[in-house]
Amino acid sequence: MPWFGMDIGGTLTKLVYFEPKDITPDELDKEAEILSNIRKYLTKNSAYGKTGHRDTHLQMDDVEIRGRRGSLHFIRFPTAEMSNFLSLAKSKGMAQLVTTVCATGGGAFKFEENFRKEVNMKLAKFDELDALIKGILFTETHNRSECYYWENASDISISEEKAFDFSQPYPFILVNVGSGVSVLAVHGPDNYKRISGTSLGGGTFLGLCCLLTGCHTFEEAIQLATKGDHRNVDKLVKDIYGGDYERFALPGDLVASSFGQMNSKERRNTVSREDLANATLVTITNNIGSIARMCASNEKIDKVVFVGNFLRVNPISMKLLAYAMDYWSKGTLKALFLEHEGYFGAIGCLLQFNGELNSHFSNELLT
Ligand SMILES: Nc1ncnc2c1ncn2[C@@H]1O[C@H](COP(=O)(O)OP(=O)(O)O)[C@@H](O)[C@H]1O
Ligand SMILES: CC(C)(COP(=O)(O)O)[C@@H](O)C(=O)NCCC(=O)O
């Protein structure tokens, strides 16, 4: 039975597949044809249909899980395409072979019946935040370059990624920027609490950007944002004060009011799609940064780790978050980022898999 972990999120479904590389000739002989075909299909392709992608740059080789050595493959597709995924699973014979899939994320609950009815698969459900933390801890110990920070974040043109030693992680604040945002204070592998959250997350950025610019994809939204300038959309402190607000040390270039210029018809007529995309990105990112900073200072924790697919191909947000953490905390807070940004829930879920799952399976949430 192939080893999968699945995180069915509000926007994207993340699938992690463990491909054993230590298969003995004897095992290979016994391997059913369907299993061999599934293995080949998953590991040879990097695109699955029109919307599925394997992130080949994230592949982890020579990983040991429960005494087996192999590679971890990272695959994603839009959750809205779930019915196509189920048809594909059926057509590849997966449904004949896989009886139980370890799943996390809201969709593990929402789509449980679809899995059962359409492909006769049971979902062994795990909590998404438990899985997220387990996935992070596992990945960090198996990939020494997992954790990094942005050096010189204040100057976007020269800032660059630098490795960060995250082998002594606790305590840390974890900010998961998916469709929405969850903020956790993590004190140990099984000791964490969800301390805050906001509905203004990655889904908000993409939704607003599509409305404001007519773009259709996240990649397009990020490309537009890269070419735009939020200062044509936002009202800055200097637009209000003529310079800095010195008494409270607010620099003139600080955003005083996001989208604050857009009440003027003239301004609306001159603003570009790129500026609107950039302003949307900056608005959402600054709000997340501000919540993260308040959480860190309330909890007296100095490391803030940002994960989630909102950060995918999105250095603008990472640098902004890094700068904001540093600037507003006067250098006491450090923003950290992880290479496998959106896949930790699925990894954590895969780690819960064990061969005896079927016999232990119950409809209850497994812990
Ligand atoms: N290819 C993509 N399609 C849609 N959204 C994407 C894509 N890549 C990155 N994103 C961003 O990632 C967010 C989803 O992040 P993710 O961590 O997968 O959350 P969820 O578990 O809620 O699906 C989206 O709201 C969007 O901002
Ligand atoms: C409900 C969620 C945990 C779902 O996770 P997601 O699919 O967004 O990664 C998340 O969207 C969230 O925490 N939203 C913010 C809710 C709030 O605290 O306002």
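Numbers here simply count residues along the sequence, with the first being 1. Every number for a ligand or one of its atoms is a count from 1 in the order of the listing. Keep in mind that what you see is a predicted model, and the values were worked out from it rather than measured.
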Problem set entry | Thr11 and ligand 2 - part of the residue with a heavy-atom distance under 4.0 Å |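 No part of Thr11 is near ligand 2 at this cut-off.
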In the protein, what heavy atom is nearest to [atom], and what distance, to one decimal place, separates them?
| atom | answer |
| --- | --- |
| atom 4 (C) of ligand 1 | Thr11 CG2, 3.7 Å |
| atom 22 (O) of ligand 1 | Ser179 OG, 2.5 Å |
| atom 15 (C) of ligand 2 | Thr198 O, 3.3 Å |
| atom 5 (O) of ligand 2 | Glu128 OE1, 3.5 Å |

Exercise. Using the benzene-type ring in the case of Trp, are the ring centres of Phe164 and Tyr148 under 6.0 Å apart?
Worked result: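 Here the rings of Tyr148 and Phe164 have centres that are no less than 6.0 Å from each other.
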Problem set entry | Pair Ser87-Asn84, side chain to side chain donor-acceptor pair (under 3.5 Å): steps then yes or no | CA-CA 5 Å; Ser87 308; Asn84 287 336; 4.9 Å; no
Tell me whether [X] reaches ligand 1 (any heavy atom closer than 4.0 angstrom to a ligand atom).
| X | value |
| --- | --- |
| Gly203 | yes |
| His53 | no |
| Glu128 | no |
| Glu219 | yes |

Exercise. Any N or O of Ser182 that comes nearer than 3.5 Å to an N or O of ligand 2?
Worked result: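 Among all N and O atoms of Ser182, at least one is under 3.5 Å from an N or O of ligand 2.
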Exercise. Nearest heavy atom to atom 15 (O) of ligand 1: which of Asn309, Thr204, Thr51 does it belong to?
Worked result: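 Looking at heavy atoms only, Asn309 sits closest to atom 15 (O) of ligand 1.
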For this session: Would you please classify the geometry between the Phe115 ring and the Phe85 ring as parallel, tilted or perpendicular, with 30° and 60° separating the classes?
Result: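 Judged by the thresholds at 30° and 60°, the geometry between Phe85 and Phe115 is tilted.
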For this session: Classify the ring geometry between Phe218 and Phe205 as parallel (under 30°), tilted (30 to 60°) or perpendicular (over 60°).
Result: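 Perpendicular: the ring planes of Phe218 and Phe205 meet at over 60°.
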Problem set entry | Reported NZ-to-CG distance for the pair Lys238 and Asp244, which is rounded to 0.5 angstrom |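 Interatomic distance, Lys238 NZ to Asp244 CG, rounded to 0.5 Å: 9.0 Å.
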Problem set entry | Spatial distance of atom CD1 (Ile173) from atom CZ (Arg293) [nearest 0.5 Å] |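 The distance works out to 13.0 Å.
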Exercise. Taking only heavy atoms of Arg194, which atoms of ligand 2 are found under 4.0 Å from at least one of them?
Worked result: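 Ligand 2 atoms under the 4.0 Å threshold to Arg194: 12 (C), 13 (O), 15 (C), 16 (C), 17 (C), 18 (O).
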For this session: Show which atoms of ligand 1 fall inside a sub-4.0 Å distance from at least one heavy-atom site of Gly10.
Result: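 Near Gly10, meaning under 4.0 Å from one of its heavy atoms, ligand 1 has 20 (P), 21 (O), 22 (O), 23 (O).
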